[in-house]
Amino acid sequence: MDLLHNLALGFATAATPLSLVLCLAGVFLGTAVGVLPGIGPLAAIAMLLPITFHLPPAAALVMLAGVYYGNEYGGSIASILLNIPGSPSSSITCLDGYPLARAGRAGVALFMTAIASFCGALVGITIMALASPALARFALLFGPAEYFTIMLLGLVSAAVVSGSGPVRGAMMVLLGVLLGTVGLDMTSGETRFTAGILELRDGINLGVVAMGLFGVSEVMTAIRETAPAGLAGRFRLKDMLPTRAEAKRSTAPALCGSLVGAILGTLPGTGQVVSSFMAYALEKKISPNREHFGKGAIEGVVVPEAANNAAAQSSFIPTLTLGIPGSPTMALMLGAMMIHGITPGPRIIEEHPDLFWGLVVSFLIGNVFLLVLNIPLIGLWVRLLRIPPSVLYPAAIVIICIGAYGIDTSLFDVWTALAFGLIGYGLRLYRFEPAPLLIGFVLGPMMEEYFRRTMLLSRGDALVLLERPGSALLLAAAFLLFVAALVPAARWRAVIRRQTDGRTA
């Protein structure tokens with residue numbers, strides 16, 4: 001009865017004409033921002049923040065939140081059609097979404113992405129409504145040691161997911177961690193690995209790295225190969241619908257991704273990127289069709305999109321109930337609340353129930369808006385594939401350069417994106433998958449920070465990682481996951497060695 005009463009209060013707040021209009025505007029803008037690589041929800045929310053000063057707090061936060069989770073819908077569009085991640089969490093979607101598009105099934109990939117995203121959002125919203133206090137208390141139990149080990153588990157998952165094998169994947173993860181250390185050391189204030197370049201004092205921008213590795217390198221690779229396959233003729237509704245077998249295979253991955261994303265999204269510092277990689281790694285290990293992953297498996301599109309959208313919703317739990325932002329975008333949302341005189345924390349549900357439950361209900365309304373908006377527009381997005389390569393590829397490079405320049409209005413970022421494009425192209429030539437590099441780049445600096453905190457609290461005793469049950473369990477999981485990934489490769493090499501020895505004898 002209390003839940004029904006709270007939801008009724010939320011509908012009274014979120015269903016006002018002003019809130020509905022702002023929710024629609026927010027999710028539409030978020031989708032557009034996701035389609036355009038390099039901008040991201042952080043820049044969009046920052047630009048909209050001054051406008052919210054003149055709006056009621058609940059309506060303002062409804063719009064800003066719509067931009068945030070709407071970006072997760074839009075981020076998959078560029079990933080599937082052009083292999084350019086619209087957001088970092090959509091990077092893993094490129095692995096199977098782009099091969100589907102090249103096979104002429106972009107409509108199916110986008111349709112299943114929209115459905116999976118909606119399912120993931122529903123799970124995240126449900127958990128937020130039912131278990132916010134309990135999950136917030138659980139997240140509060142995590143110390144620096146647990147955060148370090150869960151990020152280590154995320155890096156191992158990224159290595160295992162790599163289509164080039166766990167060893168090469170681990171090499172890419174380590175390279176990403178190394179690149180993440182470029183810039184100022186937050187503890188000592190010393191610069192590291194900048195080669196005297198002033199623009200690198202603040203580190204390398206994540207958006208620049210993603211656009212170069214996945215965008216520029218893909219254009220270079222596509223020029224060498226045949227033109228991408230498009231959809232011939234008129235685009236119809238049935239071109240979007242998956243086969244019955246694909247729909248059946250997608251049900252369990254959608255649920256798996258939703259649960260993984262909803263749980264990890266509640267942990268500050270993990271968010272959509274870790275959730276999508278972890279869910280993909282888990283599904284790849286347990287799926288009977290694991291050999292098709294990375295080659296256009298529908299499950300490889302469904303599971304990360306369900307995970308990152310579930311995480312986008314549940315990431316509001318620590319921000320609202322603990323006042324702990326799990327990402328820069330959540331930090332900006334927290335700042336917006338404080339500007340309006342609302343202090344996030346354990347008492348926010350009691351002191352501002354209309355705001356909290358209004359946001360919960362607005363998430364549901366906003367995701368319905370996104371579903372209604374995105375499915376009719378699939379035909380428009382798929383028509384991008386019929387643009388001639390002589391127009392499409394230069395346009396993609398121009399979009400990437402504009403996005404890179406727009407991050408910090410710096411030409412250095414443009415040249416950096418092009419440089420990472422050359423690096424990504426070289427990696428592809430030698431069959432190294434660049435996706436693990438990106439997750440290593442994201443998690444590396446955070447791992448370093450939490451490891452240093454752990455060492456400070458334990459006075460340099462690394463055994464604390466084994467003494468704390470949570471971190472010990474996560475370390476064991478990371479070790480077993482990597483060993484399990486190496487065993488099949490070792491067995492295969494042993495078989496080949498025995499056959500070779502037999503022929504020699």
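Heads up: numbering here begins at 1 and tracks the sequence. Only this structure's heavy atoms are used, side chains among them; waters, hydrogens and symmetry mates stay out. A quick note: this is a predicted structure, and the numbers were derived from the prediction, not measured.
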Could you measure the distance from the [atom1] atom of [X] to the [atom2] atom of [Y]? Nearest 0.5 Å is fine.
X: Asn309; Y: Leu122; atom1: CG; atom2: CG; value: 10.5 Å
X: Cys119; Y: Asn367; atom1: SG; atom2: CG; value: 10.5 Å
X: Ile204; Y: Thr194; atom1: CD1; atom2: OG1; value: 10.5 Å
X: Ile80; Y: Arg102; atom1: CD1; atom2: CZ; value: 15.0 Å
X: Arg168; Y: Leu427; atom1: CZ; atom2: CG; value: 10.0 Å
X: Phe451; Y: Leu152; atom1: CZ; atom2: CG; value: 10.5 Å

With no hydrogens and no angle check, is any side-chain donor or acceptor of [X] less than 3.5 Å from a backbone partner on [Y]?
X: Tyr73; Y: Phe118; value: yes
X: Ser19; Y: Thr16; value: no
X: Ser314; Y: Ala262; value: yes

Between [X] and [Y], is any pair of side-chain heavy atoms under 4.5 Å apart?
X: Val177; Y: Glu448; value: no
X: Val182; Y: Arg192; value: no
X: Leu178; Y: Thr181; value: yes
X: Arg105; Y: Phe111; value: no
X: Thr416; Y: Val209; value: no
X: Val62; Y: Ile365; value: no
X: Leu370; Y: Ser117; value: no
X: Thr13; Y: Val361; value: no

Original post:
Between Ser79 and Ser76, does any side-chain donor sit less than 3.5 Å from a side-chain acceptor?
Top reply: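 No, because no side-chain N or O of Ser79 sits under 3.5 Å from a partner of the opposite role on Ser76.
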
Subject >> Side-chain donor-acceptor contact under 3.5 Å, Ser276 with Asn308 >> reply: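 No donor-acceptor contact under 3.5 Å links the two side chains.
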
Subject >> Asp185/Arg452 under salt bridge (Lys or Arg N to Asp or Glu O under 4.0 Å): CA gap, chis, key distance, verdict >> reply: CA-CA 12 Å; Asp185 184 339; Arg452 286 187 172 186; 2.7 Å; yes

Original post:
Under the criterion side chain to side chain contact (heavy atoms under 4.5 Å, CB included), which of Leu174, Leu175, Val173 is the partner of Pro436?
Top reply: Val173

Subject >> side chain to side chain contact (heavy atoms under 4.5 Å, CB included) partner of Ile298, the single match among Val303, Thr113, Val108 >> reply: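 With Ile298 as partner, side chain to side chain contact (heavy atoms under 4.5 Å, CB included) holds for just one option, Val108.
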
Original post:
So, for Tyr280 and Phe293, is the gap between ring centers shorter than 6.0 Å?
Top reply: yes

Original post:
Any chance the rings of Phe316 and Phe363 have centres within less than 6.0 Å?
Top reply: yes

**OP:** Decide salt bridge (Lys or Arg N to Asp or Glu O under 4.0 Å) for Arg201 and Glu190; before the verdict, give the C-alpha distance in whole Å, the side-chain angles of both, and the deciding distance to 0.1 Å.
**Re:** CA-CA 9 Å; Arg201 286 177 59 86; Glu190 297 290 331; over 6 Å; no

Original post:
Under 6.0 Å from the CZ atom of Phe28, do we count more than 12 heavy atoms belonging to anything else shown?
Top reply: no

Subject >> Listed once per pair and sorted, the salt bridge (charged side-chain N to carboxylate O under 4.0 Å, His left out) pairs that draw on residues 420-432, sequence neighbours left out >> reply: Glu218-Arg428

Subject >> Listed once per pair and sorted, the salt bridge (charged side-chain N to carboxylate O under 4.0 Å, His left out) pairs that draw on residues 295-313, sequence neighbours left out >> reply: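 Salt bridge (charged side-chain N to carboxylate O under 4.0 Å, His left out) check on residues 295-313 returns Arg249-Glu299.
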
